[in-house]
Engineer: 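Quick one: structure below, then a few questions.
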Amino acid sequence: MKKVAVVTGANRGLGFETCRQLAKQGIQVILTSRDSAKGKAAAEKLQAEGLDVKFHLLDVTSRDSIEHLAQFIRNEFVRLDILVNNAGIAPDFVLGSEGSIFNSKIETLQKTIETNTYAPLLLCQALIPLMKANNYGRVVNVSSGAGQLEDMQTGYATYRISKTALNAVTRIIANELKETNILVNAVCPGWVRTDMGGPNAPRSLEEGVDTIVWLATLPDDGPTSGFFRDRKPIPW
């Protein structure tokens with residue numbers, strides 16, 4: 001039976017390429033996006049490459065939207081094997097907020113945490129029960145080195161805080177599932193040429209998603225509760 005994967009924020013960039021690479025491995029992929037037109041177009045592009053990809057609308061900040069996705073998976077596939085929490089925002093980047101945290105707006109922090117931290121948690125709460133049914137699952141939370149406490153610096157404060165919090169969520173969930181075959185890890189894809197990363201980033205999409213796909217397809221004895229870049233553990 002084919003494995004089933006959900007990738008959030010997947011109509012472009014890392015999410016889109018992750019869908020492509022997982023589907024190339026014979027996995028049934030559910031490509032999600034909050035923009036219906038862009039999501040459908042992205043799925044159709046991958047379908048045109050002969051890949052088994054379905055589109056489903058998903059606003060990761062909406063509990064109702066998450067529940068509709070969960071119900072769709074239960075009805076259509078009965079199971080879920082892989083969840084890649086890729087959807088994220090970085091309003092700091094747009095605002096050019098490289099300065100002091102004292103200039104950061106709490107409203108911006110709240111919005112960033114809602115998408116980058118609360119949403120992955122809500123998706124795990126809704127979808128991991130489908131993994132528990134078969135005692136198999138791989139959860140990949142797309143984080144960032146910007147959230148590493150070991151190397152915490154100034155600049156982009158709201159983005160950094162949201163990713164540090166996501167790392168905490170990753171470890172807590174992994175710990176609760178440590179007696180199962182559901183492996184939960186965080187990944188820093190590096191600085192990648194995406195809309196968020198910009199054209200001057202040194203990494204290609206393929207390089208950016210390599211570790212994401214690796215973690216999404218780990219063997220049963222693979223690591224859990226880790227933070228990875230280039231398939232190697234990095235400090236929290």
Side-chain angles (χ1 to χ4, degrees), residues 2-62 65-66 68-69 72-73 76-77 80-91 93-94 112 115-116 119-120 123-124 127 138-144 159 162-163 166 185-218 228-231:
K2 267 193 171 189
K3 286 187 171 64
V4 180
V6 166
V7 183
T8 68
N11 63 277
R12 64 183 185 186
L14 290 171
F16 179 77
E17 187 61 30
T18 297
C19 289
R20 174 184 274 138
Q21 297 302 330
L22 289 174
K24 280 185 174 181
Q25 294 193 30
I27 295 167
Q28 166 70 66
V29 175
I30 304 167
L31 180 158
T32 71
S33 168
R34 65 182 176 183
D35 185 307
S36 183
K38 290 179 180 177
K40 286 178 181 176
E44 287 168 1
K45 183 175 180 181
L46 294 176
Q47 291 162 4
E49 296 176 18
L51 300 174
D52 200 351
V53 176
K54 290 182 181 288
F55 167 71
H56 197 280
L57 186 68
L58 176 65
D59 176 354
V60 297
T61 65
S62 164
S65 185
I66 290 171
H68 287 153
L69 172 65
F72 167 75
I73 296 167
E76 190 85 6
F77 303 107
L80 180 68
D81 303 282
I82 297 163
L83 169 61
V84 179
N85 282 312
N86 168 73
I89 61 171
F93 294 11
V94 178
T112 307
T115 299
N116 294 359
L123 280 152
C124 285
L127 299 181
R138 303 292 182 261
V139 179
V140 185
N141 292 328
V142 179
S143 185
S144 169
Y159 181 74
S162 73
K163 292 300 188 180
L166 176 61
N185 294 286
V187 58
C188 171
W191 187 14
V192 183
R193 290 189 292 276
T194 63
D195 287 357
M196 186 185 292
N200 298 321
R203 293 187 176 214
S204 67
L205 280 175
E206 292 79 8
E207 290 169 325
V209 305
D210 176 75
T211 303
I212 297 173
V213 173
W214 172 67
L215 290 170
T217 55
L218 286 172
F228 293 88
R229 182 191 293 125
D230 297 329
R231 302 195 183 194

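For clarity, every value in this text was computed on a predicted model and none was experimentally measured. Basis for what follows: all heavy atoms, side chains included, without hydrogens, waters or symmetry-related copies.
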Engineer: With no hydrogens and no angle check, is any side-chain donor or acceptor of T32 less than 3.5 Å from a backbone partner on V7?
Structural biologist: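 It does hold such a pair.
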Engineer: Grab the two heavy atoms, one from L22 and one from A5, that are nearest each other, plus how far apart they are.
Structural biologist: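 So the two residues come closest at CD1-CB, 4.1 Å.
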Engineer: First locate atom CG of L14, then atom CD of Q21, and finally report the distance between them rounded to the nearest 0.5 Å.
Structural biologist: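 Nearest 0.5 Å value for the CG-CD distance: 11.5 Å.
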Engineer: What pair of heavy atoms forms the shortest contact from I27 to T217, and how long is it?
Structural biologist: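 Residues I27 and T217, closest heavy atoms: CD1-CG2, 4.0 Å.
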Engineer: Which atom pair, heavy atoms only, marks the closest approach of Y159 to I89?
Structural biologist: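 The answer is CD1-O, 3.5 Å.
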Engineer: How long is the gap from CG on D52 to SG on C19, to the nearest 0.5 Å?
Structural biologist: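 Rounded to the nearest 0.5 Å, the CG-SG separation comes out at 11.5 Å.
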Engineer: Keeping the roles fixed (side chain from S143, backbone from C188), state whether a donor-acceptor pair exists under 3.5 Å.
Structural biologist: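 Pair absent, no side-chain N/O of S143 close to backbone of C188.
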Engineer: Once rounded to the nearest 0.5 Å, what's the spacing between atom CD1 of I30 and atom CG of L58?
Structural biologist: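 Rounded to the nearest 0.5 Å, the CD1-CG separation comes out at 10.5 Å.
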Engineer: Say you draw a straight line from CG of N85 to CG of N116; how long is it, rounded to the nearest 0.5 Å?
Structural biologist: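 The CG atom of N116 is 10.5 Å from CG of N85, to the nearest 0.5 Å.
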Engineer: CG of L69 to CG of L57: how many Å apart, nearest 0.5 Å?
Structural biologist: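 Nearest 0.5 Å value for the CG-CG distance: 9.5 Å.
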Engineer: Within this structure, what is the CG-NZ distance for the pair L31 and K38, rounded to the nearest 0.5 Å?
Structural biologist: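 One gets 13.5 Å once the value is rounded to the nearest 0.5 Å.
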Engineer: Where do T211 and R229 land on the side-chain contact (heavy atoms from CB on, under 4.5 Å) test, with the steps shown first?
Structural biologist: CA-CA 7 Å; T211 303; R229 182 191 293 125; over 6 Å; no
Engineer: Which heavy atom of A119 sits nearest a heavy atom of I66, and at what distance?
Structural biologist: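 Minimum heavy-atom contact is O-CD1, 4.4 Å.
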Engineer: Using modelled atom types and a 3.5 Å cut-off, is there a donor and acceptor pairing between side-chain atoms of T8 and backbone atoms of N86?
Structural biologist: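 Checking the backbone N and O of N86 against the side chain of T8, a donor-acceptor pair under 3.5 Å is found.
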Engineer: Listing request: all ring-ring contact (aromatic ring centres under 6.0 Å, His included) pairs with a residue in residues 38-61, at least two apart in sequence or in separate chains.
Structural biologist: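 Listed by first then second residue: H56-F72.
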Engineer: Please give me the minimum heavy-atom distance between Q47 and V53, naming the atom from each residue.
Structural biologist: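 Between these two residues, the closest heavy atoms are NE2-O, 2.7 Å.
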Engineer: Taking K54 for the side chain and A43 for the main chain, is one N or O donor matched with an acceptor at less than 3.5 Å?
Structural biologist: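 A pair under 3.5 Å: no.
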Engineer: Test your reading of the model: is there a side-chain donor-acceptor pair from D81 to the backbone of V4, 3.5 Å cut-off?
Structural biologist: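 The answer is yes, because a donor-acceptor pair under 3.5 Å joins these two groups.
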Engineer: Using a cut-off of 6.0 Å, state whether more than 12 heavy atoms not belonging to R34 lie near its atom CZ.
Structural biologist: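 Counting other residues, nucleotides and ligands, CZ of R34 stays at 12 neighbours or fewer.
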Engineer: So which heavy atom on F228 is nearest to which on N185, and how close?
Structural biologist: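 Scanning both residues, the minimum pair turns out to be CE1-OD1, 3.4 Å.
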